[in-house]
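Input: a single structure, listed below in structure tokens.
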Number of protein chains: 2
Amino acid sequence: MPKEPVTRNDVAAYAGVSTAVVSYVVNEGPRKVAPATRDRVLTAIRVLGYRPNATARALRMGTTRTFGLITPDGGNPLFAELAKAIDKEAAARGYVVLQTSADGDPETERAKIAELLVRQVSGLVLVAPTADPDLSAAEVPAIAINRVLPKVSSIRPAYREGARQGVRHLIEHGHRRIALVIGDASPNRAVVAERDVAAGEVLPVRGVQAGHRAARAERELGWEDALRAAGLAPGPVVRVPFSRAGGRLAGEKLLAATERPTAVFASSDLQAIGVLRAVHEAGLRVPEDLAVVAFDGTPETEYSWPPLTVVRQPLELLAREAVDRLIAGEQTVEALTLPTDLVVRRSCGCPN
Amino acid sequence: MPKEPVTRNDVAAYAGVSTAVVSYVVNEGPRKVAPATRDRVLTAIRVLGYRPNATARALRMGTTRTFGLITPDGGNPLFAELAKAIDKEAAARGYVVLQTSADGDPETERAKIAELLVRQVSGLVLVAPTADPDLSAAEVPAIAINRVLPKVSSIRPAYREGARQGVRHLIEHGHRRIALVIGDASPNRAVVAERDVAAGEVLPVRGVQAGHRAARAERELGWEDALRAAGLAPGPVVRVPFSRAGGRLAGEKLLAATERPTAVFASSDLQAIGVLRAVHEAGLRVPEDLAVVAFDGTPETEYSWPPLTVVRQPLELLAREAVDRLIAGEQTVEALTLPTDLVVRRSCGCPN
DNA sequence: TTGAAAGCGCTACCAT
DNA sequence: ATGGTAGCGCTTTCAA
């Protein structure tokens with residue numbers, strides 16, 4: 001049964017002081033309190049089991065010391081890891097994180113943002129947002145991770161450079177025909193395309209999905225960069241959802257292709273896991289029949305079979321930078337790009 | 001740049017009404033408002049971009065409509081999935097979830113609980129808590145998931161029955177020597193034990209780790225139940241941490257054992273994934289050389305190689321039940337047990 | 001149908 | 001060193 005909460009008034013009465021003094025003791029300021037008085041207050045607090053009411057404090061102070069965090073899917077290991085990192089970083093600074101999932105639906109995302117704003121969060125972290133939320137009316141700092149938003153401060157891994165690095169590693173293994181598995185908005189369709197890539201071609205970037213497209217395009221660009229630098233023709237491109245199922249589909253398409261690639265660069269762990277599955281189903285082997293390198297580097301890839309060589313996103317850095325910016329409250333609209341890390345395991349053909 | 005927040009006063013002034021009327025309009029009650037007035041208020045709200053302050057509302061109402069959620073590790077897919085389910089269930093009821101990770105540390109856990117209580121959460125969900133927090137002083141309903149706490153309402157999957165079901169399936173495949181991989185507090189030690197199990201033996205349950213021990217013991221009990229029912233001698237038991245690394249260690253031990261088991265029941269997905277890895281490393285095959293069934297059923301198991309046959313935890317039910325109880329505010333100390341689900345895939349030897 | 005006002009718990013300024 | 005108190009934005013009773 002819920003008990004009557006103990007308030008600061010009760011403490012003041014019990015200790016025989018004013019509420020102001022209780023406040024001074026609890027917050028260790030802004031005025032000094034005589035040691036004896038202080039002890040009386042402390043005792044009162046202990047005896048009564050007083051717990052300050054952060055809601056009242058927030059109302060008075062105008063800050064909740066709470067961040068809102070929205071990911072497209074809390075079940076996605078990448079986002080789960082990122083959320084964990086953000087929680088840790090925030091906690092270290094006395095902040096707490098209101099975490100919620102948008103289910104990949106722009107409408108839900110908008111609703112959740114509104115919900116968080118109403119709750120007076122001190123900052124908003126949007127992970128790979130699908131919509132382009134209008135935060136201009138919000139009196140709250142916001143930051144987008146893994147997706148560049150027009151009017152919001154953004155942070156993200158070096159998609160292009162990271163992809164380039166991963167593909168280059170595959171090239172160093174002697175592969176000449178390297179496919180790309182990358183995301184697509186359409187849920188259950190695999191699109192395989194043999195591309196002729198003109199130097200410097202850039203996908204158009206505009207509209208609601210612009211940022212998304214940009215992130216995808218960047219990994220694609222990195223893949224092209226590496227291929228071009230080696231004088232190689234781009235292998236097939238398969239566009240499937242960023243999921244295990246999508247990757248599996250992609251793998252099947254790739255294996256069925258007339259001129260089968262000898263290696264694949266998957267733009268997400270989940271897709272790579274799916275590709276692995278397709279290869280196993282076909283009775284083939286990784287890396288012998290198809291080498292694989294993935295982008296992301298979640299823990300799952302360390303225990304897949306074979307262990308995946310990955311371009312690891314700098315999750316801790318991303319988290320720290322996001323929290324830093326939020327606390328600083330600066331509204332830099334400039335996008336920050338953080339370096340990725342090539343983690344060599346076995347799916348690329350390396351012996352380790 | 002943070003703007004001046006628009007308050008209800010501004011709206012009232014703009015609409016030429018009192019603040020009470022604005023409140024009536026916003027909350028659609030408790031008094032009726034003339035349509036014309038209502039329109040003026042609505043217009044004012046839109047024009048000024050007014051957003052109600054949930055903090056003030058919470059202070060006034062005495063409820064934040066916010067739940068606190070503490071998991072041992074947000075990066076663990078099981079907990080991530082559970083958190084997602086809880087978030088969804090809570091959101092459907094207009095609640096929001098303050099999610100945080102205790103890093104498996106009892107001290108951190110206590111600190112996080114305190115932090116959440118201070119923030120006046122309307123309810124607390126403790127997932128597999130490591131400590132036995134004193135919530136008696138808290139004027140807030142709490143519920144423990146996956147662990148039975150002495151003074152807290154608890155919900156959990158049918159560990160024993162689920163394990164029994166999983167092991168029985170292995171027995172039906174003809175296995176006679178079935179090992180058990182289960183958790184242990186000690187981080188990096190694998191303990192293999194050949195056990196003689198007397199009928200009805202029950203591990204002692206007391207002290208801080210009692211609930212934890214109980215959950216482990218239950219799966220162990222279920223394993224024994226199935227074995228005994230089939231007239232089989234218990235195979236080896238390996239105690240390792242609930243992690244992929246732990247499972248791998250366990251797998252190595254098992255494969256090196258003199259009388260190697262032909263099947264394993266892993267008490268968590270993560271451990272099973274580790275076992276899979278060990279088997280692959282040894283150049284052996286699942287299920288031919290070692291069949292595997294795991295407890296949990298996170299998405300990762302669907303795409304492992306081979307896909308894992310699992311006893312699935314009823315995450316959605318767990319989540320719904322938890323949120324229901326929290327909202328009802330009942331302080332039932334009785335533990336609710338929810339049924340698991342056997343999901344047959346390939347690691348057990350089934351053809352699908 | 002609408003308005004005035006008290007008060008939720010807290011902070012911090014201004015007194016003393 | 002300590003006390004009194006205004007006021008954060010909101011809800012709701014009581015009066016008009």
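Worth knowing before you read on, the calculation uses all heavy atoms, side chains too, and leaves out hydrogens, waters and symmetry mates. Each chain gets a letter, A, B and so on, in the order the sequences are listed, and its residues count up from 1.
Residues forming a side-chain contact (heavy atoms from CB on, under 4.5 Å) with B:R51 (at least two apart in sequence, or on another chain): A:L117, A:V118, A:A137, A:A138, A:E139. Among residues two or more places apart in sequence or in another chain, the ring pair (Phe, Tyr, Trp, His ring centres under 6.0 Å) test is passed with B:F79 by none. Take A:D39 and apply the side-chain hydrogen bond (donor to acceptor under 3.5 Å, both in side chains) test, not counting sequence neighbours, and it matches no residue.
Residues in residues 16-27 of chain B take part in no salt bridge (charged side-chain N to carboxylate O under 4.0 Å, His left out) pair, two or more places apart or across chains.
Remark: B:T37, B:L59 in residues 37-59 of chain B come within less than 4.0 Å of DNA chain C through at least one heavy atom.
No side-chain donor-acceptor contact under 3.5 Å links A:T55 and B:T55. Side-chain polar atoms of B:S101 and A:K84 form no donor-acceptor pair below 3.5 angstrom.
Between A:M61 and B:R8, the residue whose closest nucleotide on DNA chain C is further toward the 5' end is B:R8.
Across the protein-nucleic acid pair, B:N9 atom CG and C:dA5 atom P stand 13 Å apart, rounded to whole Å.
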Short N/O separations, protein against nucleotides 14-16 of chain D, under 3.5 angstrom:
none

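A:V22 comes within 4.0 angstrom of no nucleic acid atom, judged by non-hydrogen atoms across all strands. Looking at heavy-atom distances under 4.0 Å, A:V17 makes contact with sugar-phosphate atoms alone, never a base. Among the heavy atoms of the strands lying under 4.0 Å from B:A34 are primed sugar atoms or P, OP1, OP2 only; no base atom is included. Within 4.0 Å (heavy atoms only), A:T7 reaches sugar-phosphate atoms of the nucleic acid but no base atom. If you check every strand for non-hydrogen atoms under 4.0 Å, B:N27 touches sugar and phosphate atoms only.
Side-chain contact check for A:P72 versus A:V127: some heavy-atom pair is nearer than 4.5 Å.
Without hydrogens or angle criteria, A:R65 side chain to A:Y95 main chain gives no donor-acceptor distance under 3.5 Å.
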